[in-house]
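The structure under discussion appears below in the form of structure tokens.
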Amino acid sequence: MCWSATADLVAGTVISAAGIVCLARVRRARDLPVAALPLLLGAHQLVEAAIWDTGGGCSPAATAWAVIALPLLAVWVPAGVLLAASPGAPRRLWGPLAAGLATAGVLAYCLATRPVTAEIRGRTIGYGVNVPWMPLVLTGYLFATLGALLLGADRRLRTLGAVLTAGALACSALWRLEFASTWCAFAAVASLLVLGWVRRPSGAPPVT
């Protein structure tokens, strides 16, 4: 999320370009999901640019934003980390994937049966999704996405997890103050970290 349509458009374009570079440089097929993460984040920013332009409300763009942010990332991140760690992936990585699948199931059902609303609040956009058992679902979501990165054996991915955790905390605080949405800045940093991970020496073992 960014603080205006222009910021979202610029950030989305740059992050998507970084994602294309990541995919072009990937050496192992099982690294593709993680390498594609910047492309997914960039598309997310571009979708939000459309939401700014339409003034919020219930729209296909708002639903697309929620689909990417909620059920898709809840499965994509832990599955990607697990695939990148194979063979011999630590057993602890199966926990975030299980949490992601369960969380994504609940979120997908909510998005399929209930409307998604977007409300522009100054330099932020607030999204409304009616999700039951919200504290439990949020815990599962964070464990699936951030936990998968932080529990991995690769130091580069743990660094990515730490950056995204800090970004989530900072952006949440700024969003609650309705000051400005700054997630796009952390998404850009995350994309650079993924690019560095993709460009690691071929056949190099995880850095612990």
Side-chain angles (χ1 to χ4, degrees), residues 1-26 31-57 59-77 80-81 107 111 116-129 141-142 144-146 148-149 156-157 159-199:
M1 296 186 291
C2 270
W3 54 88
S4 69
T6 301
D8 263 317
L9 184 60
V10 172
T13 301
V14 172
I15 295 170
S16 295
I20 293 172
V21 174
C22 287
L23 289 176
R25 291 181 175 271
V26 75
D31 289 345
L32 282 171
V34 174
L37 188 57
L39 191 59
L40 188 61
L41 295 176
H44 200 222
Q45 301 295 150
L46 295 175
V47 168
E48 188 171 73
I51 296 173
W52 280 105
D53 286 338
T54 58
S59 67
T63 300
W65 185 97
V67 168
I68 296 173
L70 300 176
L72 183 56
L73 282 178
V75 176
W76 191 289
V77 174
V81 172
L107 292 171
L111 294 179
V116 179
T117 59
E119 179 185 358
I120 296 178
R121 304 170 184 172
R123 295 183 179 180
T124 68
I125 297 180
Y127 294 90
V129 184
Y141 180 87
L142 294 176
T145 53
L146 301 178
L149 294 166
R156 299 176 186 87
L157 293 184
T159 300
L160 175 61
V163 168
L164 292 178
T165 299
L169 291 173
C171 293
S172 176
L174 292 172
W175 180 82
R176 289 179 183 276
L177 293 173
E178 297 186 4
F179 176 68
S181 295
T182 53
W183 176 251
C184 53
F186 288 94
V189 174
S191 299
L192 293 176
L193 291 173
V194 172
L195 180 59
W197 176 80
V198 167
R199 295 180 65 182

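Model, not experiment: these values are computed from the prediction.
Pairing each heavy atom of Leu164 with each of Ala190, the nearest pair is CD2-CB, 3.7 Å. Here the closest non-hydrogen pair linking Asp53 and Ala5 is OD1-CB, 3.6 Å. Listed here is the closest heavy atom pair of His44 and Trp65: NE2-O, 3.0 Å. For the residue pair Leu72 and Ile68, the shortest heavy atom distance occurs at CB-O, 3.7 Å. Scanning both residues, Gln45 and Ala187, for their nearest heavy atoms gives OE1-CB, 4.4 Å.
For the atom pair OG1 of Thr54 and CD1 of Ile120, the computed distance is 7.0 Å after rounding to the nearest 0.5 Å. With values rounded to the nearest 0.5 angstrom, Ile125 atom CD1 is found 11.5 Å from Thr117 atom OG1. Interatomic distance, Thr165 OG1 to Leu146 CG, rounded to the nearest 0.5 Å: 4.0 Å. The distance from atom CG of Leu46 to atom CG of Leu41, rounded to the nearest 0.5 Å, is 11.0 Å.
In this structure Ala61 satisfies the side chain to side chain contact (heavy atoms under 4.5 Å, CB included) test together with Val47, Ala50, Ile51, Ser59, sequence neighbours excluded. Under the side chain to side chain contact (heavy atoms under 4.5 Å, CB included) criterion, Val116 pairs with Ala62, Thr63, Ala66, Leu111, Val129, sequence neighbours left out. Taking Trp197 as the reference, Asp154 meet the side-chain hydrogen bond (donor to acceptor under 3.5 Å, both in side chains) condition, with sequence neighbours excluded. Annotation: side chain to side chain contact (heavy atoms under 4.5 Å, CB included) contacts of Leu195 (sequence neighbours excluded): Val21, Cys22, Arg25, Arg199. Shown here are the side chain to side chain contact (heavy atoms under 4.5 Å, CB included) partners of Ala43, two or more places apart in sequence or in another chain: there are none.
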Can I get a per-line list of side-chain donor-acceptor pairs under 3.5 Å for residues 31-40, giving both atom names and the distance, sequence neighbours left out?
residue: Asp31; atom: OD1; partner: Arg28; partner atom: NE; Å: 3.4
residue: Asp31; atom: OD1; partner: Arg28; partner atom: NH2; Å: 2.8
residue: Asp31; atom: OD2; partner: Arg28; partner atom: NE; Å: 2.9
residue: Asp31; atom: OD2; partner: Arg28; partner atom: NH2; Å: 3.3
residue: Asp31; atom: OD2; partner: Arg200; partner atom: NH2; Å: 3.0

Requested in this report: Evaluate side chain to side chain contact (heavy atoms under 4.5 Å, CB included) for Tyr141 paired with Leu73, printing each intermediate quantity in order.
Outcome: CA-CA 9 Å; Tyr141 180 87; Leu73 282 178; 3.9 Å; yes

